[in-house]
Amino acid sequence: MIGRYYEDFKIDQKTGEANLTQMYLQEALDFIEKQHLKGQPFFLYWAIDATHAPVYASKPFLGISQRGIYGDAVREIDDSVGKILAYLRQQGIAKDTFVFFTSDNGAALSSGPKEGGSNGPFLCGKHTTFEGGMREPAIAWWPGHIPAGQVSHQPGSVMDLFTTALSLAGLQPPSDRMIDGVDLSPVFLQGKVIDRPILYYRGNEMMAVRVGLYKAHYWTWSNSWAQVEQGINFCPGQNVTGVTTHDQEEHTKIPILFHLGRDPGEKYPLSVISAEYQDAMRGISATVLQHKETLIPGEPQLNMCDLAVMNWSPPGCEKLNKCLTPPPAKPWKCLWTH
């Protein structure tokens, strides 16, 4: 882990120049080489953040994109991923390495036109449970196992990677707890499509549920009026009456329903008196009932805040002389906006 110390890894706020992606890349290549030389299997979680404000790119990539600094950052990430895949081939371990590329959320539209991405036709962006906030593309790569060039419309969740990785390793998930992820290996290896729901949570609240191509909103909320007054908008330029609400509005008795195949932008709710609405909601309601009956509430670890448990001495801090002594523990109940 490199860490992100701004005073040590300079990000030029005027030009957007920074070498941090190249440092992340070299760390990844060194780690793969080290494990390969030892003959050890490895798990590499490569979480670059060049497209997360402040957006940056190294000098060779600055100004090469028509999309400005954000596009420059994307092109450097793309180039870096290419170098990692090429290195796996060079080391002769490409056919033994499963690679999965995705994002943890949709583009952050609130970062503005220069530092924010685009969610295409989808509604809103990061922080919301609309499609623009939750839906991302994904790429699975495994030469000799996953046929190249195939496209799947399988809905998935990052939680599925845990269960899928176990399956690919010939292992079973733990049986002493509920596991939310499903095994997607039949999707990758055999081109199958698995019928599974997608549950959209925001904090502790189930905001929406997708079954097939139908998505029902049980709560709607973009972001608060207070944030909007400060110029922060998670849905800039987008307004769907009764949907992109700035108050947290409940629809649990009569959910707002969309057909994502015909209306991926969630602009046209289906009529509640239509036969299509009634038929779709019967299946969704049964899914929600089953989910809540098997749901085991837990106390989120992030519910308590404490400065003492912050990353005061991360790996590598010795090299930078940045190992700090943590302060005394003084936990308090975290205050979340949702």
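- In this structure, I232 and S110 approach most closely via the heavy-atom pair CG2-CB, 4.3 Å.
- One distance of note links NE2 of H127 with CG of N223; it measures 8.5 Å at 0.5 Å rounding.
- For the residue pair A73 and A50, the shortest heavy atom distance occurs at CB-O, 3.7 Å.
- S185 contributes atom OG, which lies 12.5 Å from atom NE2 of H145 (distance to the nearest 0.5 angstrom).
- In this structure, T294 contributes its side chain and H291 its backbone to a donor-acceptor pair below 3.5 Å.
- Dense packing is recorded around CD of E318, with more than 12 heavy atoms of other residues, nucleotides or ligands lying under 6.0 Å away.
- Atom CG of N321 sits in a sparse spot, with 12 or fewer heavy atoms from other residues, nucleotides or ligands closer than 6.0 Å.
- Taking the ring centroids of H217 and F258, they lie under the 6.0 Å cut-off.
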Inset, instruction - Carefully, step by step, assess R262 and E276 under the rule salt bridge (Lys or Arg N to Asp or Glu O under 4.0 Å). - result: CA-CA 13 Å; R262 300 192 300 266; E276 182 179 12; 2.7 Å; yes
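- The main-chain N or O of G283 is found under 3.5 Å from a side-chain atom of T287 such that the two form a donor-acceptor pair.
- In this structure, T244 and F130 approach most closely via the heavy-atom pair CA-CZ, 4.2 Å.
- When all heavy atoms of V182 and D160 are compared, the closest pair comes out as N-OD1, 2.8 Å.
- The aromatic rings of H246 and W225 lie tilted to each other, with the angle between the two planes from 30° to 60°.
- Under a hydrophobic-cluster definition in which Ile, Leu, Val, Met, Phe, Trp and Tyr are linked whenever side-chain heavy atoms come within less than 4.5 Å, directly or via other members, V211 and Y201 are assigned to the same cluster.
- Closest non-hydrogen pair, D72 versus I64, comes out as OD1-N, 3.3 Å.
- Note that the CG atom of L25 and the CG atom of N19 stand 11.5 Å from one another [nearest 0.5 Å].
- The shortest heavy-atom contact between H251 and T220 is NE2-OG1, 2.9 Å.
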Worksheet item: Taking it one step at a time, do K83 and D79 satisfy salt bridge (Lys or Arg N to Asp or Glu O under 4.0 Å)?
Response: CA-CA 6 Å; K83 285 183 169 64; D79 180 81; 2.5 Å; yes
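- Taking a 6.0 Å sphere around CD of Q278, one finds it holds more than 12 heavy atoms contributed by other residues, nucleotides or ligands.
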Practice task
Could you give me the CA-CA distance, side-chain angles and deciding distance for T21 and F61, then say whether side chain to side chain contact (heavy atoms under 4.5 Å, CB included) is met?
Solution key: CA-CA 11 Å; T21 297; F61 292 90; over 6 Å; no
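- Hydrophobic cluster membership differs between L88 and L37, with clusters built from Ile, Leu, Val, Met, Phe, Trp and Tyr side chains linked at under 4.5 angstrom.
- Every residue two or more places apart in sequence or in another chain was checked for a side-chain hydrogen bond (donor to acceptor under 3.5 Å, both in side chains) with R75, and none qualifies.
- For K330, the NZ atom counts as loosely surrounded, since its 6.0 Å shell holds 12 or fewer non-hydrogen atoms of other residues, nucleotides or ligands.
- Residues V81 and L29 share a hydrophobic cluster, clusters being chains of Ile/Leu/Val/Met/Phe/Trp/Tyr side chains in contact below 4.5 Å.
- Other residues, nucleotides and ligands contribute over 12 non-hydrogen atoms within 6.0 Å of the CD1 atom of I194.
- Remark: the backbone N or O of L324 is paired with a side-chain donor or acceptor of S313 at under 3.5 angstrom.
- Residues Y268 and H259 place their aromatic rings such that the two centres sit no closer than 6.0 Å.
- Under a hydrophobic-cluster definition in which Ile, Leu, Val, Met, Phe, Trp and Tyr are linked whenever side-chain heavy atoms come within less than 4.5 Å, directly or via other members, L85 and F31 are assigned to the same cluster.
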